[in-house]
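What follows is a short report on a single structure.
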Amino acid sequence: METINNFKGLLVYTTSDTKYNDITIRNISAGLPDILDYVILDRESNKPYASQVLEIAKKIYAYRPDARFWIGTPRYDQFEHPSFDFIKGSIEEIKNTFMNDSVGQAIWNNRVKGIYLNMEALYNTIDYNLSSNQNDNGCLSVTRNLSNYVHNTLDLNLLWIPYYGFKGDTGIDLTMKTIKDLAYMVARTDFFDIVIIQPHYYPKSGVVENLDAVKYSINCNNICYRDGVEVFTRTHHRAKIGFEMEVENLSSDGDGKKRNCYERYVQTFKNFNAPMCYYAGGLTLLQYNYPLIGLFFDTVYGDADQNGILSANDAAIIHQYTSFGAPTPQIISICDVDGSGYLTALDASYVLQKTLDDSFVFPIIERIYNHS
């Protein structure tokens, strides 16, 4: 089993866009070199369709042969409670589908690095005073069995992306339970290799203090309350703790609350050295949102000579590409500043304008807030 360092991920949903837009796939793979890990999961049903997982993985792999893939399990939530056997069967079906395809086989053998448990909280009660072997027929049992299967049979890593401080929709405040359940799983079990915490601030039910709580938890390598106090003394140390960036649809943001919310994420986690994953909506939204991911990692859009500085030389190179050259997919993604999907003289013109007026906003950035 490979030790995963520098986990930088993106959630990619199989059922959010049946067209699998090639330009979007290119932009989120070739155009985002800081993202190496792609978590492929189902958004709308309780079972990822193996053929769709394979199709998306192959499209990303075509642009990023160094990509690392994480395969999502069927969803486990307050409504769906798949058994371990069902989850295991889903993973085996996906693996067999990959192994029966020549490219898929290469991906599975060399680039699939782990399984993602698609369960955002524990939906049953556990005893925090007992070990993880306590008699339980719910989430804990499923997770324990899955961890054994993933580590010992598949020889892969196990990823979890749970809520922090999530109240839920039951009318009962589940904030404290959610925090303590998360803390128990990190501090008292060796189930997971990577735990990426959802601050749950971007959704309307979140609170800004969750951002600081996640940061406290990463800094002390344990789960903390919102005041920075550790929930449990950590006795198991397998899981690396990281954070999730959350952004979805910023269009029609008349009062600016969504944009301000996202910018709070950036202020908290920018240049933060920890595992991280981006939730940026489905593939349809990603065709608009992907520049936000690039900006988070300091991508310089229009930087054709890739020296990290925008200059008139970049505009000249883009213009040359439109007439004589064959730009790489990465150059197209970074220099297609009008968002057309291709390099044109207009892109060169916009880049030149940006060098003369730094306040000018490229259309690919502006449309994030204005698309319908």
Side-chain angles (χ1 to χ4, degrees), residues 4-11 34-35 37 39 41 70 116-122 128 143 157-168 173-189 191-234 236-248 257-281 289 292-293 295-297:
I4 298 297
N5 296 311
N6 194 32
F7 180 96
K8 297 290 186 294
L10 177 70
L11 296 176
D34 292 282
I35 294 292
D37 299 277
V39 183
L41 67 155
W70 301 73
Y116 161 60
L117 175 58
N118 190 359
M119 180 180 73
E120 295 174 298
L122 297 184
Y128 304 125
T143 305
N157 293 276
L158 187 60
L159 167 69
W160 192 33
I161 310 179
Y163 296 128
Y164 182 97
F166 174 52
K167 287 186 176 181
D173 190 344
L174 300 175
T175 298
M176 191 58 64
K177 174 183 174 357
T178 306
I179 294 172
K180 294 186 75 171
D181 287 350
L182 165 60
Y184 178 87
M185 296 294 264
V186 168
R188 300 296 170 82
T189 83
F191 292 158
F192 301 104
D193 299 278
I194 301 173
V195 174
I196 302 292
I197 307 173
Q198 297 184 46
H200 207 67
Y201 170 55
Y202 189 83
K204 62 182 180 180
S205 58
V207 292
V208 69
E209 289 82 4
N210 283 0
L211 294 176
D212 288 334
V214 173
K215 196 168 184 177
Y216 294 147
S217 298
I218 295 171
N219 284 334
C220 75
N221 195 34
N222 198 4
I223 304 303
C224 297
Y225 292 115
R226 290 169 177 160
D227 60 3
V229 175
E230 295 181 36
V231 180
F232 300 119
T233 300
R234 190 163 184 182
H236 292 65
H237 301 276
R238 181 173 200 148
K240 299 175 184 177
I241 304 172
F243 64 93
E244 183 177 72
M245 293 289 292
E246 297 176 319
V247 64
E248 193 170 297
K257 288 184 178 179
K258 293 180 179 179
R259 183 170 183 171
N260 289 338
C261 181
Y262 175 71
E263 288 173 353
R264 288 295 296 267
Y265 274 78
V266 176
Q267 292 167 13
T268 303
F269 297 123
K270 183 78 169 178
N271 301 319
F272 203 53
N273 185 23
M276 66 86 62
C277 196
Y278 243 97
Y279 165 73
N289 283 338
L292 282 178
I293 303 174
L295 291 175
F296 181 79
F297 290 107

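Residue numbers start at 1 and run along the sequence shown. None of these values were measured; they are calculated from a predicted model.
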* Donor-acceptor contact present, side-chain S217 to main-chain C224, <3.5 Å -> yes
One should read off an interatomic distance between Y116 OH and I194 CD1, to the nearest 0.5 angstrom, of 13.0 Å
* Asked: Ignoring hydrogens and geometry, is there a side-chain-to-backbone donor-acceptor pair from R188 to T233 under 3.5 Å?
  -> yes
Exercise for the section: Look at the side chain of Y225 and the backbone N and O of I179, then say whether any donor-acceptor pair between them is shorter than 3.5 Å. Expected result: no
Rounded to the nearest 0.5 angstrom, the OH-OG1 distance for Y164 and T178 is 10.0 Å
- Task: With side-chain contact (heavy atoms from CB on, under 4.5 Å) as the test, would you mind laying out the steps for T268 and K215 before giving the verdict?
- Result: CA-CA 8 Å; T268 303; K215 196 168 184 177; 4.0 Å; yes
**Study point:** Check: Y279/E246 side-chain N/O donor and acceptor closer than 3.5 Å
**Key:** no
Of all heavy-atom pairs linking G9 and I35, the shortest is O-CD1, 3.5 Å
* Asked: Do F192 and T143 come within less than 4.5 Å of each other through their side chains, counting heavy atoms only?
  -> yes
Carboxylate-amine/guanidinium proximity below 4.0 Å for K240 and D193: no
Taken to the nearest 0.5 Å, the spacing of I196 CD1 from D37 CG works out to 9.0 Å
### Expected output: side-chain N210 to main-chain P199 donor-acceptor under 3.5 Å
yes
Once you measure the plane-to-plane angle for F272 and F269, does it fall in the parallel (<30°), tilted (30-60°) or perpendicular (>60°) bin? tilted
Smallest heavy-atom separation, L122 atom then K177 atom, equals O-NZ, 3.3 Å
Taken to the nearest 0.5 Å, the spacing of W70 CH2 from L117 CG works out to 12.5 Å
Residues A280 and N289: closest non-hydrogen pair is O-ND2, 3.3 Å
Q.
Side chains of V195 and L182, heavy atoms from C-beta outward: is any pair under 4.5 Å?
A. yes
Using modelled atom types only, decide if a donor and an acceptor are shared between the side chain of Q198 and the backbone of I161 within a distance under 3.5 Å.
yes
Item to complete: Side-chain contact test, heavy atoms from C-beta onward, threshold under 4.5 Å: evaluate it for L159 versus N157 and give yes or no.
Response: no
Quick one, F7 and C277 - any side-chain contact, counting heavy atoms below 4.5 Å? yes
Report task. Classify the angle between the aromatic ring planes of F297 and Y278 as parallel (below 30°), tilted (30 to 60°) or perpendicular (above 60°). Result -> tilted
query: Are the side chains of T189 and H236 in touch, meaning some heavy atoms are under 4.5 Å apart?
result: no
Nearest heavy-atom contact between L41 and V39 is CD2-O, 3.4 Å
Yes or no on side-chain contact (heavy atoms from CB on, under 4.5 Å) for I223 and F232, after CA distance, side-chain angles and deciding distance? CA-CA 8 Å; I223 304 303; F232 300 119; over 6 Å; no
Residues D34 and K8: closest non-hydrogen pair is O-CB, 3.2 Å
Value for OG1 (T175) from OH (Y163), rounded to nearest 0.5 Å, stands at 12.5 Å
Closest non-hydrogen contact found for R226 with V207 is NH2-CG2, 3.3 Å
Inset, instruction - Please answer whether the main-chain N or O of N221 pairs with a side-chain N or O of R234 as donor and acceptor at a distance below 3.5 Å. - result: yes
Go through the steps to decide whether V247 and Y265 satisfy the test side-chain contact (heavy atoms from CB on, under 4.5 Å), and finish with yes or no.
-> CA-CA 9 Å; V247 64; Y265 274 78; over 6 Å; no
The reported gap from NE2 in H200 to CD in E120 (rounded to nearest 0.5 angstrom) is 8.5 Å
Neighbour count >12 (heavy atoms, 6.0 Å) for atom CG, D227
yes
